[in-house]
Structures are given as C-alpha cells and as structure tokens.
Protein chains: 2
Amino acid sequence: MARAMEVIGDRWTILVLREAYYGVTRFDEFEYYVGVAPNILSNRLKKLVDAGIMKRMPLQEHSGRYDYVLTEKGRDFFPAYLALKKWGDDWLAEPEGPQVVFRDRKAGRAITYPKLLNASGKPLRLEDVEVIAGSGAVPFNRRRFGAAGEAVEAARPSRRERK
Amino acid sequence: MARAMEVIGDRWTILVLREAYYGVTRFDEFEYYVGVAPNILSNRLKKLVDAGIMKRMPLQEHSGRYDYVLTEKGRDFFPAYLALKKWGDDWLAEPEGPQVVFRDRKAGRAITYPKLLNASGKPLRLEDVEVIAGSGAVPFNRRRFGAAGEAVEAARPSRRERK
DNA sequence: CAGTATCCCAAGCGATACTG
DNA sequence: CAGTATCGCTTGGGATACTG
C-alpha cells in the first residue's frame with residue numbers, strides 16, 4: 001500500500017490516470033483536461049512511464065510526437081480506480097451525481113463495482129474480516145502476528161525509546 | 001476522484017486508514033505502527049474526523065483518552081482500500097508476498113477482490129468500457145460528451161489562450 | 001498517555017520563458 | 001506542438017519540546 005501510494009498517491013497522477021482511462025493519449029490533451037502546468041505534467045508522465053504504468057510510443061518516425069498509452073500494469077489498476085471513484089461518487093459527489101460513468105460497451109449498462117460478499121453471501125462487513133500475517137510478513141518488532149497469523153502483543157517502545 | 005484524493009491522497013492518511021482496518025484505535029498505536037510524528041498524526045486524524053471517515057470517541061468520562069473509530073463512510077472505503085492493496089500486492093510487492101492478508105472470518109479464506117466481468121462473463125478489459133456523461137456532467141467547455149453521452153470534439157484552446 | 005506548539009528545512013507548485 | 005528550464009513561494013515534513 002505504501003508503495004502503491006508512492007506511485008499514484010498525489011493530486012496529479014491520479015487525474016492523469018483518469019484521463020488515460022477516458023482515452024486520452026497526448027501530452028497537450030492531458031495538459032488541458034487535467035489543467036496542470038506542463039512541467040508538472042512532464043514530471044508525472046515520466047514517473048508513470050518509469051513505474052511501468054504507461055509507455056511512451058513514438059507517433060511516427062521523427063515526428064517528435066508521442067502517445068502515452070497504458071501498459072497492462074496501468075490497465076490493471078482500473079478496478080482500483082473504479083473502486084475509488086465509486087466511493088467518491090457515493091460519499092463526496094455533488095447532488096447531481098457523477099459527471100462521468102463507465103459503461104459496458106456490449107451490455108450497455110453502467111459498470112459498478114460488485115459488492116464484496118461474506119461467506120454467507122451477505123454484503124461483507126468489516127466485522128467479518130480478520131487480519132492475518134501474509135507470506136511476506138517480516139519478523140521484526142513492528143509485527144503484530146505470530147507465525148501462524150495469530151495476533152501477538154508487540155513490544156511497543158515508548159516514543160522516547162523509539163528515537 | 002479529485003475530491004476523494006484530496007481526502008485520502010497523501011502518504012500518511014492511507015496508512016492511518018490501513019491501521020484502522022487492522023483494528024487500531026488509539027493515538028499512540030497509530031503513532032507507533034504508522035511511524036509518524038505526533039503532530040502529523042494529530043493533523044491527519046483531525047482531517048479524517050472532519051471528513052467523516054473516523055470519529056473520536058471518549059474512552060471514559062474525563063479520562064482524556066479517546067478511541068478513533070471508523071464511521072460507516074470509513075468502513076465503506078474498505079473495498080477501495082482492498083482494490084488498491086490488491087494492485088499493490090500484484091505489481092509492487094516483494095517476491096515473498098504480502099505482509100498482511102484479510103481473511104473472511106467464517107469462510108477462513110483470504111478475501112480478494114472479485115474480477116470485474118464484462119457482459120459475456122469474461123474478465124472485463126478496458127476495451128469493453130466506454131465513457132459516457134453522467135447525470136452530473138457539467139455544460140462547460142471542458143466537457144467531452146454530448147447530451148446523449150457521445151464524444152464531442154471539445155474546443156480545446158491553446159496553452160496561450162487558456163491563460 | 002495524548003496530544004499541541006514551534007522551528008527549520010526540503011520538496012513541490014504555479015507561472016512563465018524558452019527550445020527543437 | 002511537445003516538452004524542458006528557471007524561479008520565487010508556499011506547503012508540508014521531521015525533530016523535538018512542552019502541557020494537562
């Protein structure tokens with residue numbers, strides 16, 4: 001998560017990504033639709049390319065023009081984007097409703113994220129969830145889980161000891 | 001989206017939220033697990049409370065101690081958090097795998113986000129998706145959609161005209 | 001413990017000018 | 001058009017000291 005936010009967790013990157021999902025590919029289109037200064041945009045596109053989320057495709061030979069297109073990694077972020085958008089639409093939107101809707105081209109219906117369901121087929125509540133250690137859990141003093149995933153009372157140093 | 005990112009889109013807030021999903025409620029626990037300076041944490045918790053994502057509950061009368069607990073709005077963000085985490089686990093994680101897994105308490109199985117499916121029941125691809133205007137679409141020069149949702153060639157001013 | 005206040009510094013932003 | 005370079009300026013961060 002920390003890593004994910006490092007990549008997409010700033011005000012501009014997510015908006016660039018949004019435009020990409022809307023079909024935008026060109027520098028000046030991003031610049032216009034996102035409403036960002038060119039230096040910032042340049043920086044963000046570079047970061048997205050470095051992160052493997054977009055790639056920079058020469059438009060023609062020697063035209064000096066490029067398309068910025070999503071990679072698989074970038075397209076694979078779409079569900080997360082959609083989940084974020086749904087939450088925003090549900091809790092933060094203007095009363096008129098969302099400005100943009102994604103529609104399934106074939107079905108002709110809006111795409112919404114399916115509800116998470118618990119084992120009984122009811123909407124999943126946070127109370128249905130338990131947190132366990134994953135395979136990459138680290139054996140240092142920050143952990144809160146034993147080898148089997150059970151909660152462990154961490155040795156939690158005071159602010160002072162922590163340095 | 002812009003609004004959503006304004007609320008949760010910084011390096012610390014999402015980590016605070018993560019700890020909340022892990023069951024953390026107390027100031028010093030957040031401070032320790034997130035590894036953040038107390039002034040920053042204070043600020044973020046305040047923002048989360050203001051945004052209606054968490055509430056501050058007095059622990060006892062006059063103890064001067066509080067629990068920070070998720071509101072429904074905050075709990076409703078969990079799917080988005082999970083989608084983000086999944087993307088991060090899939091694309092950015094260490095080879096050992098994720099450090100933490102959410103498990104369905106009853107089913108005893110890890111919760112993962114269901115795949116988005118298109119109208120034919122296959123995994124949804126970005127190509128299956130079209131972008132249309134939502135009910136809140138605004139009739140100003142930034143729009144790219146006609147009244148019926150079809151794409152419209154926007155009058156895109158040059159950088160200069162844009163000011 | 002549960003924060004708040006202060007200080008200093010670095011990073012990022014917006015505007016704009018410039019280049020091929 | 002498609003960027004890069006430069007420049008003040010503000011915001012936010014880390015460290016730490018302080019208070020009830």
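Proteins get letters first, then strands, A, B, ... in listed order; numbering begins at 1 in each.
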Starting the side chain at C-beta, find the nucleotide from [options] nearest to [X].
X	options	value
Asn39(A)	dT6(D), dG13(D), dC1(D)	dT6(D)
Tyr68(B)	dG3(C), dG13(D), dG14(C)	dG3(C)
Arg44(A)	dC13(C), dG13(D), dA2(D)	dC13(C)
Ala37(A)	dG3(C), dA2(D), dA15(C)	dA15(C)
Arg26(B)	dA2(C), dG14(D), dG3(D)	dA2(C)
Asp28(B)	dG3(C), dG14(D), dC1(C)	dC1(C)

Once the angle between the rings of Phe30(A) and Tyr68(A) is folded into 0 to 90°, is it parallel (under 30°), tilted (30 to 60°) or perpendicular (over 60°)?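 Rings of Phe30(A) and Tyr68(A): perpendicular, over 60°.
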
Taking Glu130(B) as the fixed residue, which of Lys106(A), Arg109(A), Arg103(A) is the one that meets the salt bridge (Lys or Arg N to Asp or Glu O under 4.0 Å) rule?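 Exactly one candidate clears the test, Arg103(A).
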
Gap between atoms [atom1] and [atom2], on [X] and [N] respectively (whole Å):
X	N	atom1	atom2	answer
Glu6(A)	dG13(D)	CD	P	13 Å
Glu29(B)	dG3(C)	CD	C1'	15 Å
Trp12(A)	dT11(D)	CH2	P	15 Å
Ile40(A)	dC13(C)	CD1	C1'	5 Å
Leu48(B)	dG3(C)	CG	P	14 Å
Met57(A)	dA2(D)	CE	P	16 Å
Leu41(A)	dA2(D)	CG	C1'	10 Å

Please determine if a side-chain N or O atom of [X] lies less than 4.0 Å away from the OP1 or OP2 oxygen of [N].
X	N	result
Arg11(B)	dG14(D)	yes
Arg56(A)	dA2(D)	no
Arg65(B)	dC1(C)	no

Verify the ring-centre separation between Tyr33(A) and Tyr22(A): is it less than 6.0 angstrom?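 They do not qualify: ring centres at least 6.0 Å apart.
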
Hey, do the aromatic rings of Tyr21(A) and Phe78(A) have their centres closer than 6.0 Å?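 Distance test on ring centres: under 6.0 Å, yes.
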
Mate of dA5(C) where both pairing distances stay under 3.5 Å, Watson-Crick or G-U: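 Base-paired to dT16(D).
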
Go nucleotide by nucleotide along DNA chain D from the 5' end; which of Lys47(B) and Asn43(A) gets its closest nucleotide reached first?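 So the residue in question is Asn43(A).
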
Give a yes-or-no answer on whether the side chains of Trp91(B) and Asp76(A) include a donor-acceptor pair shorter than 3.5 Å.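 Asp76(A) and Trp91(B) do have a side-chain donor-acceptor pair below 3.5 Å.
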
